[in-house]
Amino acid sequence: MNRLFDVRAVIGGIFVVYGVIVTALGIFDSPAEIEKAQGVRINLWMGLAMLALGLLMLLWLRLNPPPPVAEEPAGESSDRDS
Amino acid sequence: MSGLRLDVDFVDYLILAIYFITVLGVGFAARRAIRSSSDFFLSGRSMPAWVTGLAFVSANLGALEIIGMAANGAQYGLMTLHYYWVGAVPAMVFLGIVMMPFYYGSKVHSVPEFLRRRFNRPTHLFNALSFAVAQVLIAGVNLYALALILQALLGWPLWLSIVIGAAIVLSYITLGGLSSAIYNEVLQFFVILAGLIPITVIGLVKVGGWNGLVEKVRDTQLGDAALHTFSNTATSDNPLGANWIGIIFGLGFVLSFGYWTTNFAEVQRALSAKDMSAARRTPIIGAFPKLLIPVVTVIPGLIALVTVQGLGAEEGDLTYNNAIPLLMRDLLPNGVLGVAVTGLVASFMAGMAANVSGFNTVFTYDIWQQYIRKDRDDKHYLKVGRIATIVGVVIGIGTAFIAAGFDNIMNYIQALFSLFNAPLFATFIVGMFWKRMTPWAGFYSLVLGFLASLTLYLGYLGDVFAFNSDLEESFWGAGTAFVTAVVVAVVVTLFTRSKPEDELRGLVYGLAGPSTGVDVIVSADKVWWRNPVLLGAIAVVLAVLLYIPFW
């Protein structure tokens, strides 16, 4: 089996993007939106939380990368047959 | 604002679009790692335990589950917790500690294949066919429910949601097989939580924290009973209408063990783990989030009960099933709203993808390879698996429109589970621990157990048998199926020939195969935090402790 990419990269990537978008919204939330959320700056907090989760995933991947696969020689690429 | 329509804006759609693109990207990237059918159907048995564990819980965290459990929270109160703590955690731990050595150690590809090796081909064919049919039906239900919710929340026409949902699931599974299903399930797990947590947080702020919620729930028609789990269960006089025997044995033993330990759509996640220890830890790691998921399902149900005027209507926008969508509408500003919509969409796709990836594996390995085209090269089966995925999804679209004809989808699913899983669990548990059980005993116990449950179900529908509730019927149906299957297994064994012990090595407890001796089942991994028995014990103890404040 070819090396499958690591899922932590996917989770980290999408959560960093979500975190940035939602945090940015949270900074500029209108009073009406904050009032809808019962006075909680939910976009700001959830944005920062998602950003933190994303960065933690990427950090984990960085500190603890998957072990190298030493298997059969990687020659052929995958076959198209669908 | 009228109806359930959410006030979504550009950013919310952007968040949803990013999710769709990511999911498809995972499919394309996973495709590069697929060379053999084993890569496609079992991820080449290469996944770490935390990935398979989260996928295990995510495969169950379909939107029907989320929406249904929030609805139950609003309707029955904290007794809904039984579905998590009695009704899931012990069975998940049992699967990891006791059953996984047989599944993983025997190197089978699927649950039906285990039955073929333990019993015979008729048993195998019966189970493979019934599983394949049930998976396609449930995939259709998920698809239909997804379309319903998108119609209500976003105003998309039904057919559009069905086609988009089906096309995305189809693409990523056809491309990347089980690997991309599992990776997307892990991603979905986090997105679903990110979508649900704000609902609980803002909801609790609105009702004045936990104490405010408790006070307000006491004032509803459910009253104080909604705040207890066991203290009213000496009789059936409680919101759930079940006594403690029904809860512990019916829900906690027969229904839950049947679902978690023999449902291949779940077991498949563990079979893709990289080694025995990871496979055994898969359901146990899944048990820990399962303990806490009620915080984002049952509690929002209660919040909806006390904040949404008129919740609990028979039909229209205020049915219990709309508890979560109504809270999304009332509480979430744009931004987290988009994440919540994405989380719901993700959970439908998680449920459907689990069905589809279970279906294509069983169809290819257990039906096509066994009964239609034997001994072809591996590429042939890989191709069949991809075609089966496409066909399965297309039939799923068809069954989505059939599901549109049923008014209570959840009951339809519960009925399917009690019909198929309870007798299967009985057959399994006897077959795994009693080496004399004969091949034909396996077949007849499965078929007659199924027929017993079916008789009860049809009798209930046709008013021949009376039960207090659908729940009571499914308890009795599952219980009857279980007892019938065990009795038939014993009786038929007395009159037919057992398999020679050599053929049962690794499949039956006590016949020292490479992986199923006592030493393996209680064995310790080198480090304590990777020991399945210890982790499992912690999960069960936590489940018991969590009950204490809600007794």
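Throughout, protein chains are lettered first and strands after them, A, B, ... in sequence-line order, and every chain is numbered starting at 1.
In this structure, chain A has no heavy atom under 4.5 Å from any part of B/Ile21. Both the backbone and the side chain of B/Val26 come within contact range of chain A, each with at least one heavy atom under 4.5 Å from a heavy atom of that chain. Heavy-atom distances place the side chain of B/Val339, and not its backbone, under 4.5 Å from chain A. With a 4.5 angstrom heavy-atom cutoff, B/Thr389 does not touch chain A via any of its atoms. Heavy-atom distances place the side chain of B/Thr22, and not its backbone, under 4.5 Å from chain A. For a residue to count as touching a neighbouring chain, one of its non-hydrogen atoms must lie under 4.5 Å from one of that chain's; by this rule B/Val51 touches chain A with the side chain only. For chain A, no part of B/Asn184 is nearby; none of its heavy atoms comes within less than 4.5 Å. Both the backbone and the side chain of B/Leu331 come within contact range of chain A, judged by heavy atoms closer than 4.5 Å.
Identified under the salt bridge (Lys or Arg N to Asp or Glu O under 4.0 Å) test for residues 177-196 of chain B, with sequence neighbours left out: B/Glu185-B/Arg269.
Contact annotation for residues 15-25 of chain A against chain B (heavy-atom separation below 4.5 Å, listed by residue number): A/Phe15, A/Val17, A/Tyr18, A/Ile21, A/Val22, A/Leu25.
Chain B forms more heavy-atom pairs under 4.5 Å with one residue of A/Val40, A/Asn43, A/Ile14 than with any other, namely A/Asn43.
For the pair A/Asp6 and A/Arg8, the salt-bridge criterion is met [side-chain N within less than 4.0 Å of a carboxylate O].
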